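To start, the structure itself, in structure tokens.
Index from 1, following the sequence. This one's a predicted model, so the numbers in the text were calculated from it and none came from an experiment. All heavy atoms count here, side chains included; hydrogens, waters and symmetry mates do not.
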Amino acid sequence: MPLAVQLSSLSKYYRSVWPWVRTQVTAVDGVSLSLEQGEIHGLLGPNGAGKTTTVKMLAGLVLPDEGSISFPATGRRPSLGAVLEGSRNLYWRLSAWENLSYFGALKGIPARQLQSQGDELLALFDLLDRKHKPVQTLSRGMQQKLAIVVALLGQPELLLLDEPTLGLDVESSITIQRLLREICQQRGITILVTTHQMDVAQSLCKRVAIMRKGRIVVDEEVGKLVDLFKRQDYLARFDSARLEGLLPRLQAAGISFEQDSEQRPGQACLRFKLGSAREIYPLMEVLREGDIELLDFHEETPTLEEIFLSVMRQEARP
């Protein structure tokens with residue numbers, strides 16, 4: 001895929017406003033990042049990592065002190081839509097349609113085109129019946145969906161979403177994720193999402209970059225990250241009546257295990273930590289000798305949250 005956006009050695013410093021106090025905070029420190037056209041990319045990191053500052057520089061709201069931003073696919077700055085977390089993206093006393101009319105006019109969208117485009121987006125996000133309702137009467141999830149609708153006016157080529165599902169209930173979050181995937185696939189929009197919610201990033205993004213203290217410490221496809229951090233951990237569930245006789249057999253065979261915290265009535269659950277995939281053979285032999293009828297047995301795949309925490313721990317080491 002062609003590159004839609006290329007950040008090269010991007011840095012941003014904030015200095016004290018008082019001339020007699022010489023302090024400088026590095027918000028973003030030499031960030032280089034590539035966004036492929038028509039894909040959803042994630043930008044992850046703890047509070048203060050520099051995610052929002054990076055997004056604001058990409059949006060043109062903050063000027064970088066060093067580095068550059070280029071757009072290889074088109075050679076020009078793409079049309080932009082943005083929903084910034086912590087900002088008022090909508091006028092609450094106006095109706096949904098009045099917000100669309102106002103922001104559509106700012107984008108220079110002709111009235112006739114705005115009518116059809118606005119109705120299409122409202123219908124897509126299941127908001128058409130709330131078209132004339134004041135924004136302040138809508139639920140938090142509806143407000144967030146409307147903010148994304150406003151950002152999509154004018155068919156932007158690049159969509160910046162800062163914490164798009166923060167504070168939403170599970171159903172609203174899943175709905176917004178589904179809609180973003182559909183829009184990306186059908187319209188070829190490049191989307192950059194910043195979020196603290198690792199499950200959202202894992203579900204939504206093809207590639208993620210992890211920031212810490214203004215720098216990118218990991219930049220990889222989600223699938224490759226999972227493979228990179230994959231462990232030889234297996235989870236087995238069986239009749240709890242067999243547990244007492246099985247434990248000494250496992251210890252005698254030198255198989256590392258721990259009891260899983262998830263308990264179900266009448267069932268035992270053990271997590272086996274194997275050094276390599278080859279060790280599964282002696283494990284299965286012990287289970288066979290113990291006459292263990294497995295109710296469930298599967299390899300555990302690390303979540304993006306576990307990967308994120310592992311990266312943060314590694315980076316924190318001196």
Side-chain angles (χ1 to χ4, degrees), residues 1 3-17 21-37 39-72 77 80 82-87 158-164 166 190-202 204-230 302-318:
M1 295 292 290
L3 292 182
V5 181
Q6 177 72 58
L7 309 183
S8 301
S9 303
L10 212 61
S11 295
K12 180 64 184 178
Y13 312 108
Y14 290 103
R15 300 171 180 86
S16 171
V17 296
V21 179
R22 296 184 179 180
T23 59
Q24 177 175 285
V25 175
T26 302
V28 175
D29 188 6
V31 163
S32 294
L33 183 65
S34 301
L35 307 183
E36 290 185 1
Q37 191 171 359
E39 299 288 355
I40 302 178
H41 305 258
L43 189 58
L44 315 178
N47 289 330
K51 304 185 303 297
T52 298
T53 301
T54 299
V55 169
K56 286 183 176 180
M57 286 192 286
L58 182 52
L61 299 174
V62 173
L63 295 177
D65 292 311
E66 295 176 6
S68 62
I69 304 174
S70 60
F71 308 96
R77 179 175 286 276
L80 180 70
V83 178
L84 301 181
E85 191 272 327
S87 302
L158 176 62
L159 185 62
L160 306 178
L161 301 175
D162 196 5
E163 299 288 359
L166 187 66
T190 304
I191 302 177
L192 178 63
V193 176
T194 71
T195 181
H196 288 91
Q197 297 170 295
M198 299 299 128
D199 58 330
V200 171
Q202 187 162 6
L204 197 56
C205 303
K206 176 187 177 183
R207 189 182 189 95
V208 295
I210 299 177
M211 292 189 71
R212 184 177 185 273
K213 295 184 177 180
R215 295 186 177 187
I216 289 182
V217 294
V218 170
D219 181 15
E220 190 55 87
E221 290 185 11
V222 173
K224 291 182 179 179
L225 263 182
V226 170
D227 289 340
L228 183 64
F229 283 82
K230 200 170 186 178
T303 64
L304 191 56
E305 181 175 0
E306 291 172 326
I307 293 171
F308 175 81
L309 293 174
S310 178
V311 169
M312 290 296 104
R313 285 193 294 266
Q314 291 175 13
E315 290 296 319
R317 291 172 186 163

Any non-hydrogen side-chain atom of Met57 less than 4.5 Å from a side-chain atom of Leu63?
no

Taking only residues two or more places apart in sequence or in another chain, which ones pass side chain to side chain donor-acceptor pair (under 3.5 Å) with Arg15?
Gln24

Any donor-acceptor pair under 3.5 Å from Asp65 side chain to Tyr13 backbone:
yes

Glu163 vs Val193 side-chain heavy atoms within contact, under 4.5 Å
no

Heavy-atom side-chain proximity of Val208 to Leu43 below 4.5 angstrom:
no

No-hydrogen, no-angle side-chain donor-acceptor test under 3.5 Å, Asp162 and Thr52
yes

Salt-bridged, Glu36 to Lys206, with N to O below 4.0 Å?
yes

Applying side chain to side chain contact (heavy atoms under 4.5 Å, CB included) between Phe308 and each of Gln202, His196, Met198, report the one that passes.
Met198

Just by distance, do the side chain of Thr195 and the backbone of Gln197 share a donor-acceptor pair under 3.5 Å?
yes

Cys205 vs Ile40, test: side chain to side chain contact (heavy atoms under 4.5 Å, CB included). Steps then yes/no.
CA-CA 5 Å; Cys205 303; Ile40 302 178; 4.1 Å; yes

Checking the side chain of Ser9 only, and the main-chain atoms of Gly30 only, is there a donor and an acceptor separated by less than 3.5 Å?
no

Is the shortest side-chain heavy-atom distance between Val25 and Thr23 below 4.5 Å?
no

Could you check whether any side-chain heavy atom of Leu10 comes within less than 4.5 Å of a side-chain heavy atom of Pro64, counting everything from C-beta outward?
yes

For Arg207, the side chain to side chain donor-acceptor pair (under 3.5 Å) test, sequence neighbours excluded, returns Asp219

Side chains of Gln37 and Thr190: is there a donor and an acceptor less than 3.5 Å apart?
no

Pairwise side-chain contact, Val5 with Leu58, heavy-atom cut-off 4.5 Å (strictly under):
yes

Determine whether Leu161 and Leu192 make a side-chain contact, defined as any pair of heavy atoms from C-beta on separated by less than 4.5 Å.
no

Any side-chain heavy atom of Gln6 within less than 4.5 Å of one from Leu3?
yes

Please report the interatomic distance OG1(Thr53) to CE(Met211), rounded to the nearest 0.5 Å.
8.0 Å

